[in-house]
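I have placed the structure first, in the form of structure tokens, so that the comments after it can refer back to it.
Residue numbering restarts at 1 for every chain, and letters A, B, ... go by the order of the sequence lines. Just so it is clear, the model here is predicted, and its values are computed rather than measured. Every heavy atom of this structure was used, including side-chain atoms; hydrogens, water molecules and symmetry mates were not.
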There are 2 protein chains.
Amino acid sequence: MNQTGRIIQALERAGYQATPNRRLVAQLVAATGGHFTAADLLERGRLERVNIGRATVFRALDLLTDLRVVERLDLPSGSHAYVVCDPDEHHHHLVCSSCGHSEDVADGELARLVDEIGRRHGYQIEAHRLELFGLCPACATAATAAAGGATAATGEETVH
Amino acid sequence: MNQTGRIIQALERAGYQATPNRRLVAQLVAATGGHFTAADLLERGRLERVNIGRATVFRALDLLTDLRVVERLDLPSGSHAYVVCDPDEHHHHLVCSSCGHSEDVADGELARLVDEIGRRHGYQIEAHRLELFGLCPACATAATAAAGGATAATGEETVH
DNA sequence: GTTCACTTGATACTCAGTCTCAGGTGTGGG
DNA sequence: CCCACACCTGAGACTGAGTATCAAGTGAAC
Ligand SMILES: [Zn+2]
Ligand SMILES: [Zn+2]
Ligand SMILES: [Zn+2]
Ligand SMILES: [Zn+2]
């Protein structure tokens, strides 16, 4: 099943109607490469000439967030964005600071580390969030190529 | 040196004037137990009958953030808050979800873990953020006592 | 004391997100 | 099939955080 389908299924399983609007949001969400905002979805909807209210998009994203089908990130800039993710397993996100692409990262040893920190400080830890930012392989390659071109090659790809 | 002094010193070392307004913000920040917002500071300033503009508080907090004397958190609720912290060493924050008290947590093994994740995914990691939420020892004790009182004791502290 | 860069406050503005409420829609029971 | 009712939706008002602007204030340095 494709991602759109998985999102819709999650809605139905939780007892929500899979209305045309919500299907549309699911589709828009599934079509994003990386992180996105409510405004992004609205804009893309507008481009495709579909009519959907702002409040409806926010409501759908709230639902999907509750269902853990999307998650809200806090970017280094301080602004918020959503990413689509796997609802079935606790994990964190690795986000490309250039293209916005995001991938899930297994919690792995972090759980143990978090536990230990809680014990050491006497805190009863309820939740944690880990966010990682950096260049994805594609963007890193592109950046290296650009830098190399500017300093060692003909420079034909750099502004003069 | 007290915390207010340390904050002011950080400003001066970075070449900023330690104006009365900035000293006031330093004082208000240092006086907070846990996390706070710009609005909190403004409100407390107002109560103490000092006059300071909203924009000035935001500007001062931006400065202090740049100097790493305070850090912006993203609370589980999605809203932002600031915490005062140690500018000299990379670390993360452990925040009480009941009283808002916050403490610094050494990065420790996390750096290694982050490294490994980067390598595994082929990302060139530039930044990471870890935030931990839970009950501080005091609040955990209080919560336990309250629960015990409601179920096992006279119940004189619970609403009837 | 004059000067000039830095700082400030008032105010207008933007933008994300929420609220409200009247109207629409889908679903399940009869 | 149709009704009733819960659910869903859109428009638009509203909130609150943060930013932008700009004229006026202030402080350090010569
Ligand atoms: Zn990328
Ligand atoms: Zn985790
Ligand atoms: Zn506490
Ligand atoms: Zn770290």
Q) Can you list the residues that meet the ring-ring contact (aromatic ring centres under 6.0 Å, His included) rule with His121(B), with sequence neighbours excluded? A) none
Q: Return the set of residues passing ring-ring contact (aromatic ring centres under 6.0 Å, His included) with His91(B) (not counting sequence neighbours), or none when no residue passes.
A: His93(B)
Please give, in whole Å, the distance from [N] [atom2] to [X] [atom1]?
X        : N       : atom1 : atom2 : result
Phe58(A) : dA11(D) : CZ    : C1'   : 15 Å
Glu12(A) : dC8(D)  : CD    : P     : 12 Å
Asp62(B) : dA17(D) : CG    : C1'   : 12 Å
Leu61(B) : dT19(D) : CG    : P     : 11 Å

Q: Under the side-chain hydrogen bond (donor to acceptor under 3.5 Å, both in side chains) rule, collect the residues that match up with Arg22(A), sequence neighbours excluded.
A: none
Q: Name all residues meeting the side-chain hydrogen bond (donor to acceptor under 3.5 Å, both in side chains) criterion together with Glu12(B); count only those two or more places apart in sequence or in a different chain, and write none if there are none.
A: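 Per chain and number, Glu12(B) pairs via side-chain hydrogen bond (donor to acceptor under 3.5 Å, both in side chains) with no residue.
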Q: Could you run through nucleotides 4-14 of chain C and give me one letter per nucleotide, 5' to 3': B if any protein heavy atom sits under 4.0 Å from the base, S if only the sugar-phosphate is that close, - if neither?
A: --SSBB-----
Q) Which of residues 28-47 of chain A have a heavy atom under 4.0 Å from DNA chain C? A) none
**Q.** Contact residues, residues 69-81 of chain A to DNA chain C [heavy atom, < 4.0 Å]
**A.** Arg72(A), His80(A)
Q. Which heavy atom of Ala14(A) sits nearest a heavy atom of Leu67(A), and at what distance?
A.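 Between these two residues, the closest heavy atoms are CB-CD2, 3.5 Å.
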Identify all side-chain donor-acceptor contacts of residues 42-49 of chain A below 3.5 Å with residues at least two apart in sequence or on another chain.
residue  : atom : partner  : partner atom : Å
Glu43(A) : OE1  : Arg46(A) : NE           : 3.3
Glu43(A) : OE1  : Arg46(A) : NH2          : 3.4
Glu43(A) : OE2  : Arg46(A) : NH2          : 3.2
Arg44(A) : NH1  : Leu28(A) : O            : 3.3
Arg44(A) : NH2  : Leu28(A) : O            : 3.1
Arg49(A) : NH1  : Leu47(A) : O            : 3.0

Q) Does Glu131(B) have any salt bridge (charged side-chain N to carboxylate O under 4.0 Å, His left out) partners at least two apart in sequence or in another chain, and if so, which? A)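 Applying salt bridge (charged side-chain N to carboxylate O under 4.0 Å, His left out) to Glu131(B) gives Arg129(A), Arg129(B).
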Q: Working to the nearest 0.5 Å, report the span between OH of Tyr123(A) and SG of Cys139(B).
A: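 Taking OH in Tyr123(A) and SG in Cys139(B), the distance rounds to 8.0 Å.
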Solution key, residues 33-40 of chain B side-chain donor-acceptor pairs under 3.5 Å, sequence neighbours excluded:
residue  : atom : partner  : partner atom : Å
Thr37(B) : OG1  : Ala39(B) : N            : 3.4
Thr37(B) : OG1  : Asp40(B) : N            : 3.1
Thr37(B) : OG1  : Asp40(B) : OD1          : 3.4
Thr37(B) : OG1  : Asp40(B) : OD2          : 3.3
Asp40(B) : OD2  : Thr37(B) : N            : 2.9

Output side-chain donor-acceptor pairs under 3.5 Å for residues 59-66 of chain A, partner residues at least two apart or in another chain, one line each.
residue  : atom : partner  : partner atom : Å
Thr65(A) : OG1  : Leu61(A) : O            : 2.6

Q. Between Ala18(B) and Tyr82(B), who's closer to the 5' end of DNA chain D by nearest nucleotide?
A.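 The answer here is Tyr82(B).
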Q | Within residues 124-144 of chain A or reaching into it, pairs that qualify as ring pair (Phe, Tyr, Trp, His ring centres under 6.0 Å) - sequence neighbours excluded | A | His90(A)-His128(A), His92(A)-His128(A)
